[in-house]
Amino acid sequence: MVVTTSWYLTLAAILFSMGAVGLLTRRNPLIMIMCIELMLNAVNLTFVSLGSELGDLGGQLSVFFVLVVAASEVVVGLAVVVAIMRRRQGATVDDLSVLGG
Amino acid sequence: MPPVVTPEVIWWALLPLLVLSGGGFLLLTIASLVRRLPEALPQAWTVVTGLIVLTATVPMWDRVQSDGPRSFLGGMVAVDGSTVLVTAILAIAVVATALLARPYLRREDLPGVELYVLLLMSAAGGVVMASADDLIVLFLGLEILSIAVYVMAALHLRRIESQEAALKYFVLGAFASAFLLYGMALIYGATGSTRMAHISGYLASTILVQDGMLLAGIALLLVGLAFKVAAVPFHAWTPDVYQGAPSPVVAWMAAGVKTAGFAAMLRVLVVTLGTHASDWRPAVAVLAAASMVVGAWVAVLQTDVKRMLAYSSIAHAGFILLGVQAASERGTAAVYVYLFVYTLLATGSFAVITTVGGRGDAAHGLDAYRGLARRQPVLAGAFTVLLLGQAGIPFTGGFVAKLGVLAAVVEGRTYWVAMVAMAAAAVAAFVYLRILVAMYLEAPESDTADRTEVPAGTRVVIGVACAGVLLIGLVPGLLLDIASDAVPVLVGG
Amino acid sequence: MAVLAAAAGVPFAVLPALLVVPAAGALLVVVLPRRRPELLKLVAVATSMVVAAMTVWLVVAFDIDRGAEMQFEFRHSWMADLGIQWLLAVDGISLFLIVLTGILFPIALLAVDPGHDDRAYFAWMLLLEAGVIGVFCAMDLMVFFLCFEVVLVPMYFLIGRWGHGNSAYAATKFFLFTMAGSALMLIGILALAFLHADATGGGLTFDLVELAEAQSLGTTTARWVFLSFALAFAVKVPLFPLHTWLPDAHTEAPTAGSVILAGVLLKLGTYGFLRFGLYLFPEASHFFAPVFLTLGLVGIIYGAVVATMQRDLKRLVAYSSVAHLGFIVLGTFALNTEGIEGGLLQMVNHGVSTAALFLLVGMIYERRHTRQIDELGGLQKSAPVLAAVFTLVMLSSIGLPGLNGFVGEFLVLVGTFNAHRWLAIVATGGVILAALYLLWAYQRVFHGPAEGANAEMPDLKLREGLVLAPLLVLIVAMGVYPKPVIERMEPSVDALVAHIETHVDGFHEPTSRFGADIEVGEGGDDAGDDH
Amino acid sequence: MDAAVFLISAAIVLTGAGGVLVSRNPVHAALFLVQTLFGVAVLFVLQDATFLAAVQVIVYAGAVVILFLFVIMLLGVDRAEDLGVEPIVGQRPVAAIVGASLLGMLLTALLVSVDGPTGAHGANTALGDAADNTRLLGEALFTDYVFAVELTAILLTVAVIGAVVLARRVRGPLAPLPVVVVASVADDGEQGDDGPPDVVEATDASDEGEGA
Amino acid sequence: MSPATLAAPLVLAADPLLDGAIGPGIVGIVLIKVVMAFILLLVSVMLMVWFERKLVADMHNRIGPAEAGPFGILQTLADGIKLFFKEDLIPDRADRVVFKLAPYLSLVPAFLVFSIVPIGGDFSGDGTVTWFGETTYLQVADPPVGVLFFLALSSVAVYGVMLAGWSSGSKYPLLGSVRASAQMISYEAALGLAIATVFLTSGSLSTHEIVARQVSGSWNVLATGVVPFLVFLLAGTAELNRPPFDLVEAEQELVGGFHTEYSSLRFSLFFLAEFMNVITMSAIAVTLFLGGPAGPILTDTLGWVWPVFWFSLKVFVFLFCFVWLRATLPRLRYDQLMDLGWKVLIPVALGWFLLIATMNVADDLGWPMVPVVLVGVAVLVAGAALLTGAIQKARGDALADLVDEGVED
């Protein structure tokens, strides 16, 4: 069996969808952020496999920047979570009902 | 090892980015070194930085017009008319936000330097988006902008609503980023490059027999961008975030972030993927229609003015999308006009809201506006001008903006969207009328409601916004000319 | 005449001045020093007087010999990118509407004091005047639309802030109805311009004459675009099913607001039909004429019937407007010279007489603080002069020969009769109904025994009399000697009809031009004292 | 060999992702996330992207997830989430449908209509083999991509400023918590802990500033 | 410069052994290498524990282990057996799965790191040894990103500590683990920056390559100008939670730290990992800065022994130093520890890295070195001044806050 790019792309698509579903179903902000990481990883996988199929380094270079962005996002996201949780223990996103419509 | 060839740099074209980010860094450094920073310094610094950028855009504009668009730094960045125009809009928004921020921070007794630093950085991100010639650079610019704004949204450290707004904004924003990135990845796979010039060149010269990957990429990209500009159905974050975030920051979100987002959207969709316009135009049209209808309709149901304006900003996004979906030069120019006008409208409106919101930034119900005309006729009058502008009443800039996008739509013969747009405009007018009714036709709940002093900076913002809106409404020629000269062009990287 | 023609040729651009002067007046009112409140009214009235003088001068300087040509043309590029220009001109169709506007505004300003927030009131009034004049002068579709829309804002505030009762509701309803109505027109205008540009290969233009003469749209397209225009005008007129905003707006509006609304603003719709409906889309107008004729007719009957049932005097007058405007629409869509001319004349007449009626109702309200017909009665005894004036105005509104109302109504009926006999016959019923409800109302209000407050009601004051005087003069003058009006209108109307004939296949104006030059029966000028 | 490695890694990746989705305890979710990240790193290696594989582990496992764990531990929010209760009625089916349709769309686009990438091969920078990988990446980063690299500097600065600002304690009084929220905090007290205890006591405390 | 292109798609080792067809013999050699490394580590840990206890005892003027075996050398084995047979306790409130997992997360990275260390090989040649006709590196694997592999594993090692404390379900271990992981992460940055300097001078991430470069040039400790080496040592010590940075286990404060609740075999795994880490860290330091197995080959027969000897000697020196430090230095306070990491080590490492990079660029472009260095140093001094200023200011602010609050309360 030869591993073709399609395998990777499929895996990435599944991973991405799982992340999206997780983000939509889970209510814990921390886990939601983790789901975003799952999605970004799927993107990374896609970039790398497409890059290697195309014989182009661009995919890997893009992943590099995605990594930086992911790290920055997590830092800020967690800082926000900390800021909230320090005042309110155990909040879930549903509890964030102050801003109801 | 062969010598490393460093790419060409056009320094003058990088000037806005350098000034903004450098200004931010320097301000941060100074603030971390000086014990008792003069209270006015950060604001003054930011305003001056913004003005420098604004001034710099003038010679840049001339240069771009005479030399033509250029791409540099390895085809990562470009400078063209649209870059300069969007930079100028962002600079205006920065100045306005900074002017609003200081009285706000003082009123709320919040520490201040970081807000300005983040504002400058975020503007730098916006400039990057406007000048990106590569999808990755575009994405980085977007993230710089967004991450700074996430933090700015949370900056009212005393109000938990502020932080919750930031969290919602963050989670959904990051979600959108993931979609955007996935779209970029697939487009990369479909075209073999992340350089916009390469992509458009490839698509122009190659007929893809199997364009599934490209289309999926475009779809995902569209989802991501739609989130960023708060188009329905990806708008869920907007009202909460607008309501919770500090009002000056909301002004920046409405003006700056939206401008940058649409600049990016134009670059990606119209310029880069213009060859496949027939694929994405219907989708954008649907987004536009949905945004206008939902934004206008739900705004009617609100009782909180900040939320009303949040939904109306969604409706405005829908209108701007009209210009995008036209996928024509006229549409693009109209988007820039709209963005310029909306920047004025949004900063001015949120300046009023900041003032009326009062200490604690909480008095945003319609009640707070009742009888405003009696208490503060000038403020109410200015707000009236701005609201009428948002409603698109003739002889305000709002009309010029709406006319432009509609003309583009009609030129593209998508009449149904135009009809939806006008229906939505009529509904949206009701929203603004409700505020006007409250201000003029209803008595205040109690006579004790005192006049709120309007700080000087806020006055400047409101005054300039009103004057600008009226001036554009009466003499739109200059802006229209500039916008039509600013239609972006891709140059090979 | 030659001198005046030469005067018309002088570079003094009177039309822009007609727009700029009131706008500048509004600005001046806004910036007047707070310490001198008495200046406000002075400035406002003076400004409107200047405008009125200019409009009168317009009539005098209007060159009859130039026929249907546009006169006093002013052209200045505005949004070059879209081909929009400030294109202002006057012809026989718009001339008298401008004059009407010019005359009604000072009267409205003089007659009624706002009571509070004077500064804003006068500013809005003057802006309103600028906007209305803009609508009547604009020969560029986009400028027309702009003025058409911008009129809403001052009117909204006038109704909302200085109105009575549930004025916020009425104002909002007015605003939304008219704005929603005209929303589609913008698309229509744009579509028209773009399709025209495509068809001719030229640049974008919104020049009315150019677009109308080129007729570059396909039949079906033109019909659709026409409908988008028609909706806007129909709301503004208001035509029968879209009229519901009107009674509210009229009733809750302040007197001056009602005067302007009835006198001028309602004409925007009918004028629009005439100028932009028939002229731009002759074929579509012809195609849809039955619809509008029917609606007009329904409006006449419906307005009359509902007016009969009203207990509020002002509401009654408001519904009478619905009926009158039905006549105008009827005349317009008769698509012949008599009908159109009659409609046009009726616009002016209705403006004059309804404005006067509203003023009178306002005066009664000021004295009695009620407009309920039941609560009034026997006013003839306490206020004989008022009653006399009311009679005159009412008769003009009924269309008594010798007064202005007759001329227009008669021409409309003639025109309609020539085109659609049965409609004319039914419409005549409307005339009878009008007589019925007005006379009935008159009877209940002015006749009978005066009791309580009604007995003590003071009579017309000199100032009020002076304000009303010009309207009364017009009522009589136009009834007796309408020639100066008609001779200025006629070439333009003829040209319009000719335009329709050229562009509609198989359209032949009925040859029996019975009464085309009938000029109006020479009714006695003693009609006013007819009681 | 490749296929075996791929399949094993894919299994690791997907079970990890599934674990994140269903874990009640955030710490477990974080561990499952690490599992996925490792799986992805292996897949990178499988495609000669050795540098990225290493960076993936260093950045994600070494920094990002650790940060998650820190936050969880500092805040004591490691109480299990009650997955039995659906917070918004119908949310899960909707999410499942959204996810499934997303996946369907992606797979259709990627597999049914396309056999692989359609782009121009080797458009920008040649992809070297594993041994060259790092050097080539480095060269590209500091020549063609130098602008992007500089941008990451701004990005990281922004992130750091943000984190510092948000973690800073505020002086002076705080705005009161809205009533709704106070109620929900009170409710929270009822729920049982089946994870380790909270370290930081649950307080609505304004001045519970984290010193370091 | 790079080793031969690889046929195998899985690139963990750029070893000449894996060139060409892979037969059972080669697999055997690889297996032997793995097992050898494993045993080597285990044995040296045993010795190390004994060595440490003995040496500290000596320095404290005590006897230390003396009963089991000659000089008590089997003491560790005895302890191990004892621990093995103790009852395995799992606290009631523990998170059982994670509790069981944590020790392995500690141990496995410790083992794996050693796989990239070249412990021998003739580096005057191409750094290989030839056994039974097969030429190979004397290291388990030589991935092209070897040093990053090390960094990656040391980031993973944090998990063991962190999760052990958390999963114990009690307060002190949790505090201990939070402290430990914070410390490890902080110092990882400095460690990484110090190593980055090595990349810069060596131009490679492969450990084999780095050693080869040092043999052909000068040792990195000199080539990078000593400072990174010192930073590496300090940061490495902290990374290992060794004294004087062993706050994690501060008995006085934390009752033993993150593994308080562990007993029996699991405890011994932590113990094992800790000492193994000391050894591997020393080995890495030797590889990166001190030329690895480089040294004079004194005899031709069994020539491959000499590099191994030199390597062991160098590692031993490090191990001695670690013990020495433990015996002599008092423990730091936690804030001092963090200050040292963030305000001294990281800036110094970063500054030095920038200086070296500038010099490299200047060298490439042919700029005169002296002015470049002068300017570079000036910039660094300015940066240092700024940093100091900022630190002073922050300290002042914090003080002012305290005063304010004192007044308010």
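Letters go in sequence order (proteins before strands), and every chain restarts at 1.
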Check your understanding: Heavy-atom distance under 4.5 Å to chain B: side chain of A79(A), backbone, both or neither?
Key -> neither

Point to revise | Pair E108(B), H156(B): side-chain N/O donor-acceptor within cut-off below 3.5 Å | key: yes

Revision key, fill the gap. Whatever's closer than 4.5 Å to a heavy atom in chain A on I136(B) counts as side chain

Check your understanding: Would the F65(A) and F139(B) ring centres measure less than 6.0 Å apart?
Key -> no

Study note, to complete from the structure: Checking F227(B), Y242(B), F175(B), W237(B) against Y169(B) for ring-ring contact (aromatic ring centres under 6.0 Å, His included), the one that qualifies is W237(B)

Review point. Ignoring hydrogens and geometry, is there a side-chain-to-backbone donor-acceptor pair from S205(B) to Y202(B) under 3.5 Å?
Key: yes

Review point. If you count heavy-atom pairs under 4.5 Å with chain B, which of G51(A), G19(A), A70(A), C35(A) comes out on top?
Key: G51(A)

Check your understanding: Is it the side chain or the backbone of F47(A) that comes within 4.5 Å of chain B heavy atoms, both, or neither?
Key -> both

